[in-house]
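Structure first, then comments.
Naming convention: chains lettered A, B, ... in sequence-line order (proteins, then strands); numbering from 1 in each chain.
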Number of protein chains: 2
Amino acid sequence: MTIYRKKSAQLPTSAPADAPRAAVHRLKGADRREDILNHASRLFLTYGIAGTSTRMIANAVGISQPSLYAHFATKEALANALSARAFSSLESLIGRIRSADIPAPARFEAMIRGYIGFALDQGAAYRIAFMLEGPMHEVEAFNPDILPGMQAFASFRDEVALLQLEGHLREGSTDHLAQSLWASMHGLCALLLARPDFPWGDVEAMIDFHVEIILAAYQNKA
Amino acid sequence: MTIYRKKSAQLPTSAPADAPRAAVHRLKGADRREDILNHASRLFLTYGIAGTSTRMIANAVGISQPSLYAHFATKEALANALSARAFSSLESLIGRIRSADIPAPARFEAMIRGYIGFALDQGAAYRIAFMLEGPMHEVEAFNPDILPGMQAFASFRDEVALLQLEGHLREGSTDHLAQSLWASMHGLCALLLARPDFPWGDVEAMIDFHVEIILAAYQNKA
DNA sequence: CTAGTAACCTATCAGTGATAGGATGGCGTA
DNA sequence: TACGCCATCCTATCACTGATAGGTTACTAG
């Protein structure tokens with residue numbers, strides 16, 4: 001558990017012989033970009049984000065390390081792009097749930113389980129959006145565009161507002177309600193992602209237990 | 001918001017003239033160790049953990065960068081020591097609450113508010129214990145000794161067990177209950193620490209709202 | 001007064017993210 | 001078919017990182 005990176009179990013520095021570099025040479029920009037994101041996603045999941053160097057990514061793709069910078073300005077930009085790609089799928093999931101023709105309580109539970117499932121499935125993207133160390137004492141104001149997860153949260157908040165309006169959620173400030181609900185879901189996901197080696201016991205049962213508590217806590221008692 | 005470090009707003013590389021190195025020369029081991037931890041704690045809070053280099057720490061202390069390694073094997077060990085020192089204060093806080101002669105509901109609320117207050121106060125230590133990227137696919141089993149926060153969680157879990165035994169918390173698996181409660185508190189702390197620039201609105205009110213929901217959700221309805 | 005040793009130093013290492021500037025291959029156009 | 005453009009990709013290198021090797025210095029026990 002190094003703070004910066006793992007000893008990184010040496011990856012081969014040169015491309016393996018069965019993946020000749022000529023074969024992947026000269027991809028079109030967009031294709032290469034997707035290529036990079038796919039390999040980075042896999043490496044981030046295996047070695048962690050800080051534990052994955054740009055050279056490891058480039059080597060996996062089959063290009064030189066500086067070539068990455070033709071597609072992404074920084075490693076952080078690469079990570080953000082990866083996160084954005086993943087979160088767009090969460091947004092569409094939330095969108096499908098919001099427009100689904102099912103009772104409000106079912107919509108509520110589906111959204112909660114969908115969020116948790118997404119976070120655990122897309123661990124790397126989720127970490128990038130919500131768990132990495134951000135700027136500490138930054139002067140500039142918060143810019144939602146640079147944090148892809150925030151758009152998904154906006155959709156989430158809108159659905160919370162609607163459910164509350166329909167009388168299915170407890171009363172009070174919608175912002176507080178959405179943020180508190182977010183915190184409750186995030187806590188579970190963040191701990192499971194950050195401390196997978198903790199003796200959780202039956203994780204599935206733990207998740208069910210937590211979801212049940214959330215359902216009871218935020219839904220209208222009436 | 002770099003993934004690794006900030007541009008780090010250059011700290012002076014040499015000790016300032018008004019803090020002559022001779023004055024702090026040759027401290028006894030334990031004192032120097034505390035000295036290092038104090039400076040590291042301040043720097044971690046200001047620049048983030050990844051954003052604080054060992055040279056910045058050494059320079060702040062007034063010793064050479066390799067001298068740090070006489071007291072800590074790695075930068076990670078330094079961070080863990082810092083975290084352990086902070087968490088021992090959380091443990092004693094939990095201990096005081098557990099032995100306080102106040103009604104169970106008050107003990108419960110004091111513990112929740114104490115945990116949240118600690119996490120937000122000791123942001124750097126809290127991040128080190130519960131939010132940093134751990135090993136991803138580590139084979140070796142979980143070792144509680146190396147994670148100082150885990151001892152505090154054990155105290156926390158014990159109090160949850162007692163409160164449940166006394167009938168003040170909802171029934172069910174004590175492990176699930178403690179872990180779910182932990183997740184609910186952690187989610188709030190982790191989001192506030194990781195995304196301080198999010199438009200939270202009135203943070204104090206948000207915390208109160210969340211605590212109220214937790215109190216209602218986990219306490220016995222009877 | 002003299003070891004012995006803990007504390008500290010300079011010099012250096014491999015690895016990191018990022019930049020500068022040159023080589024190359026495929027495609028639209030003449 | 002031939003030309004020239006330029007996106008793509010490369011090698012070489014930068015400053016900086018965490019960490020190690022090995023020598024120097026000052027306090028202290030005998």
Side-chain angles (χ1 to χ4, degrees), chain A residues 1-15 20-36 40 43-44 47-80 132-133, chain B residues 1-15 20-36 40 43-44 47-59 61-80 132:
Chain A
M1 189 179 70
T2 68
I3 286 180
Y4 281 94
R5 56 189 59 263
K6 298 181 68 169
K7 284 298 184 300
S8 100
Q10 87 283 14
L11 296 186
T13 284
S14 55
R21 174 163 286 179
V24 287
H25 227 37
R26 304 265 148 178
L27 279 198
K28 281 228 192 82
D31 293 346
R32 179 62 87 206
R33 186 187 156 95
E34 286 302 302
D35 204 15
I36 293 170
L43 289 169
F44 283 172
Y47 300 102
I49 298 157
T52 301
S53 72
T54 54
R55 281 167 181 82
M56 287 164 70
I57 299 171
N59 189 57
V61 173
I63 59 178
S64 73
Q65 178 255 357
S67 290
L68 294 176
Y69 292 81
H71 303 275
F72 306 97
T74 63
K75 180 183 175 182
E76 181 194 357
L78 194 161
N80 283 341
L132 282 192
E133 248 182 338
Chain B
M1 188 181 66
T2 68
I3 286 181
Y4 281 93
R5 58 187 58 264
K6 298 182 67 171
K7 285 296 184 302
S8 98
Q10 88 281 14
L11 296 186
T13 285
S14 55
R21 174 164 285 176
V24 287
H25 226 38
R26 303 268 147 176
L27 279 198
K28 282 229 192 83
D31 293 345
R32 179 63 87 205
R33 185 186 155 95
E34 287 301 302
D35 204 17
I36 293 170
L43 289 170
F44 283 172
Y47 300 102
I49 298 157
T52 300
S53 72
T54 54
R55 281 168 181 80
M56 287 164 69
I57 299 171
N59 189 58
V61 173
I63 59 178
S64 72
Q65 178 254 358
S67 290
L68 294 176
Y69 291 82
H71 303 274
F72 306 97
T74 63
K75 180 184 176 182
E76 181 195 357
L78 194 162
N80 282 342
L132 282 191

Round to the nearest Å and state the distance from B:L78 atom CG to D:dG18 atom P.
11 Å
Does B:S67 reach the main-chain N or O of B:I63 with its side chain, forming a donor-acceptor pair under 3.5 Å?
no
For A:T54, side chain to side chain contact (heavy atoms under 4.5 Å, CB included) partners two or more places apart:
A:Q65, A:L68, A:Y69, A:K75
Round to a whole Å and report the spacing from CG of A:N59 to C1' of C:dT16.
15 Å
How close or far is atom P of D:dT8 from atom CZ of A:F72, stated in whole angstroms?
12 Å
Strictly under 3.5 Å: I want the nitrogen or oxygen pairs between protein and nucleotides 19-23 of chain D, one per line.
| residue | atom | partner | partner atom | Å |
| --- | --- | --- | --- | --- |
| D:dA19 | OP2 | B:Y69 | OH | 2.5 |
| D:dA19 | OP2 | B:K75 | N | 2.8 |
| D:dA19 | O5' | B:Y69 | OH | 3.4 |
| D:dA19 | N7 | B:Q65 | NE2 | 2.7 |
| D:dA19 | N6 | B:R55 | NH2 | 3.4 |
| D:dA19 | N6 | B:Q65 | OE1 | 3.1 |

Test side-chain contact (heavy atoms from CB on, under 4.5 Å) on A:E76 and A:L132 and set out the steps.
CA-CA 11 Å; A:E76 181 194 357; A:L132 282 192; over 6 Å; no
Round to a whole Å and report the spacing from CD1 of B:I36 to P of C:dA7.
11 Å
A:I63 atom CD1 is separated from C:dT24 atom P, nearest whole Å, by 18 Å
For A:L68 and C:dA20, what is the distance between atoms CG and P respectively, to the nearest whole Å?
17 Å
Please state whether the phosphate of C:dC9, meaning OP1 or OP2, lies under 4.0 angstrom from any side-chain nitrogen or oxygen of B:S64.
yes
What is the distance, to the nearest angstrom, from the CD1 atom on B:I49 to the P atom on D:dT17?
17 Å
Look at A:S53 and C:dT16 and indicate whether a side-chain polar atom (N or O) is within less than 4.0 Å of OP1 or OP2.
yes
As an exercise, state the distance from CG of B:D35 to CD1 of B:I57, rounded to the nearest 0.5 Å.
12.0 Å
Taking only side-chain N and O atoms of A:H71, does any of them lie within less than 4.0 angstrom of OP1 or OP2 on D:dC9?
yes
Going by side-chain hydrogen bond (donor to acceptor under 3.5 Å, both in side chains), name the residues that satisfy it together with A:T74, two or more places apart in sequence or in a different chain.
none
Can you check whether B:Y47's main-chain N or O pairs, donor with acceptor, with B:T52's side chain at less than 3.5 Å?
no
